[in-house]
Structure formats: C-alpha cells, structure tokens
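Just below is one structure, and these are the notes that go with it.
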Amino acid sequence: MTGHPEVGTATLRHNPLNAVTATVERITYADGRTAVRKQLQSPADSTGPWAASTDPRHWNYWRRELEVYQDDELRQRLADAGLVLPEAQVEEWPDGAVLLMEDIGGTSGTQFSLAEHAALTRAFGRWQAQQPVAERPWTSTGFLRDYSTTRDVPWQLLTDDAAWQQPLIRETWPGQLREAWTRLMVQREALLDLVASLPRATCHLDFWVSNVIQRPTGELALFDWAFTGDGALGEDIGNYIPDAVFDMFWPVERLPELAETCIANYLDGLHEAGWRGDPDQVRLAVMASGVKYAWLLPGLLGRASDPAHNAYHRQVDSRRLFHQRGQALMYVADWCAEALSRARR
C-alpha cells in the first residue's frame, strides 16, 4: 500500500482458536503510514473444532476472506448502503496467503452509543435488502447448525448438579436459567430448522461490535468476513445484540433497549432500500438464531471455578462477568422460546 520500507510492527488481537489466521499485525512504514497485515494459512495439519477447511461451503473455509476482499460487487453494494469494506491487497503462496488491508481509524463498535448502534444496524439493513446477489461458489452454507453444534465444551455439565452449585453460578445466575436452557437444548433442532426455513440473505455471520469501526467522517467499516454466506434475514442481528453483552461492551440492564433499537432500525433500513417482506419473519430469525449460543452455557459452567476470568482478551471481575452473561443467557433462552411459540401460531 506504500512503497516505503517497514519500520515497525505490532501484534493485534485475533481469535487464537481459529486455525485459519496465523497472525494479525499493524505495520508502520517509514513515511508514517500504517496498514494491517493478516496472514492466513491453508489447512495442512489443521485439526479440532476450529480447523481450517478446503471446502468452499464449509463455515471455516480458509480462503473465504481473500475472496470477499476481491469482490468488487460486494464492495459496491456495501458502499451503496453506507458501509465500508476496507481496501486490501492479496498475496498468495502454496501454503497460505496475506491480506494487506488499509488501517481504518476511528471509534470501535465496542464504544458505540445507542445512536451509533442504531445507525449501524440501519445501514446493515439497507445492505441486506439488496439481496439476492449472484451466488458465489465460496460462500458458506449451514453455518448456524455447523458452528453451534461443534463447539468443544463440556456438554455433560448441563445435567451435573455440582456444576450448577458452584458458588459463582449459584450466586450470579437467575434461578430459572437451568430449566430454560434445558428446554432450549430439547428444542435445539426445532430452532435450527426454524431459522433454516426463514427468508435468506447473504450474511456476514460474525457481525458484532468488535468487527466495526466508525470513521471520523461517519462511515462504518466492517471487518472479519471469514464466515460470510447463506443465513436467515435477521440472523446477523441476532448475533450482534447478545454478543455486545457477553463480552461486556454493553450493560445487560440495557439489553432490551439495545435489542429493540437494533431490530427496529434494521427493519427501517430494509424498508428504506425497497424490501417489502414480512417483518415478523425477520424478528423470528433474530430471536431463534439465539440457538447459536447453546454451547456457551456449558462452557461457562466448565470455567466457573477458574481463579480469574476474561472478557474478550481482558481480565474482568468474575462476579460481574457471570452476572452479565447469566442474565443475557436468560434473555436468549426467552428469545428462543418466544420464537417457537410465534412460529407455531
């Protein structure tokens, strides 16, 4: 992105579980400009639930992000909606590739106000209203089912009385959460089937506050497109809302306010761009897609006795974290129950 030599690098956060991403770095050049370098690696000896895949339809296909950043039609459709796909250069070799992306500065979605969440979800609705686009051979299919049912967590703890009696769990989680989550697990296949039956869209599928930056000019840039593919219209919003609370970027006490603001603005964005579908089906997708988090509760049960806890790479107060997540999990369980109830009417 510049002909000047590199004079410094700084390692940036990324998901260490995902075998696709080797490193993410911010590069500083001699002229003072910066760029972000993301190194991707082909599957090779990749194993485990986050293993990279050579299957272009797999949710963790290793080359998908390269394809996204070279897709001019996607870039234009996002721009038409008021969203930015960062500029990127791609270099490939036999066992991997590098994305050299523009370093976009501004306000991270982790710091957004309610008004900024509203503006983002409205723009996101304008983008998804432009569907369908010509099918890409590299977009994922079946993401929600494949991702959510293959997490490596201690599922057996859901029925373990001792796990539920751990002090951190007993003292911070709603008393009715165990019953509600047991019901969600019984209904998991029905919820996955419901989401699969709803109107489709090309989805980001990792849409959350840490993957958004608002430039000082107001433009909203979206990152981390590695899971992009087929999903239900509204599924991305069903990910965006609870994730903001799970990692403590939005207080659970204001979760209902965030949910209604994001859903209403997403629907407004869809309508602004000419969509004339059924808003009730979009709301169903938002709520039912909460089944994605079926794995999260047993994962938390398995970590409740740890001496310290992190929320998105930073250590936080354990009691506050488990209180926030417990309340948010209850909200998700209620969402899923309401979605099935509505669908059966």
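Hydrogens, waters and symmetry mates play no part in the numbers below; they use all other heavy atoms, side chains included. None of the values given here were measured: they were computed from a predicted structure.
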Aromatic ring proximity, centroids under 6.0 angstrom, Trp164 and Trp173: yes
Test of ring centre spacing under 6.0 Å for Tyr266 and Tyr240: no
Stacked cation flag Arg75 on Trp225, 6.0 angstrom / 45 deg: no
Ring centres under 6.0 angstrom apart (Tyr312, Trp208): yes
Passing candidate, side-chain contact (heavy atoms from CB on, under 4.5 Å) with Val212, options Leu222, Leu83, Val84: Leu222
Evaluation steps, side chain to side chain donor-acceptor pair (under 3.5 Å), between Asn18 and Asn60: CA-CA 8 Å; Asn18 196 336; Asn60 210 25; 2.9 Å; yes
Mutual orientation of the aromatic rings belonging to His309 and Phe322 [parallel < 30°, tilted 30-60°, perpendicular > 60°]: perpendicular
Distance flag, aromatic centroids of Trp59 and Tyr147, threshold under 6.0 Å: yes
Sequence neighbours excluded - ring-ring contact (aromatic ring centres under 6.0 Å, His included) pairs with any residue from residues 326-345: Tyr331-Trp335
Contact summary for Phe246 and Arg325, nearest pair of heavy atoms: O-NE, 2.6 Å
Leu296 side chain near Leu329 side chain, heavy-atom distance below 4.5 Å: yes
His117-Trp250 aromatic ring centre distance below 6.0 Å: yes
Trace of the side chain to side chain donor-acceptor pair (under 3.5 Å) decision for Thr23 with Glu25: CA-CA 6 Å; Thr23 59; Glu25 300 171 307; 4.5 Å; no
Test item: Leu205 and Asn239 side chains (from C-beta on) under 4.5 Å apart, heavy atoms: no
ring-ring contact (aromatic ring centres under 6.0 Å, His included) assessment of Phe124 paired with His204: CA-CA 10 Å; Phe124 203 85; His204 183 284; 7.0 Å; no
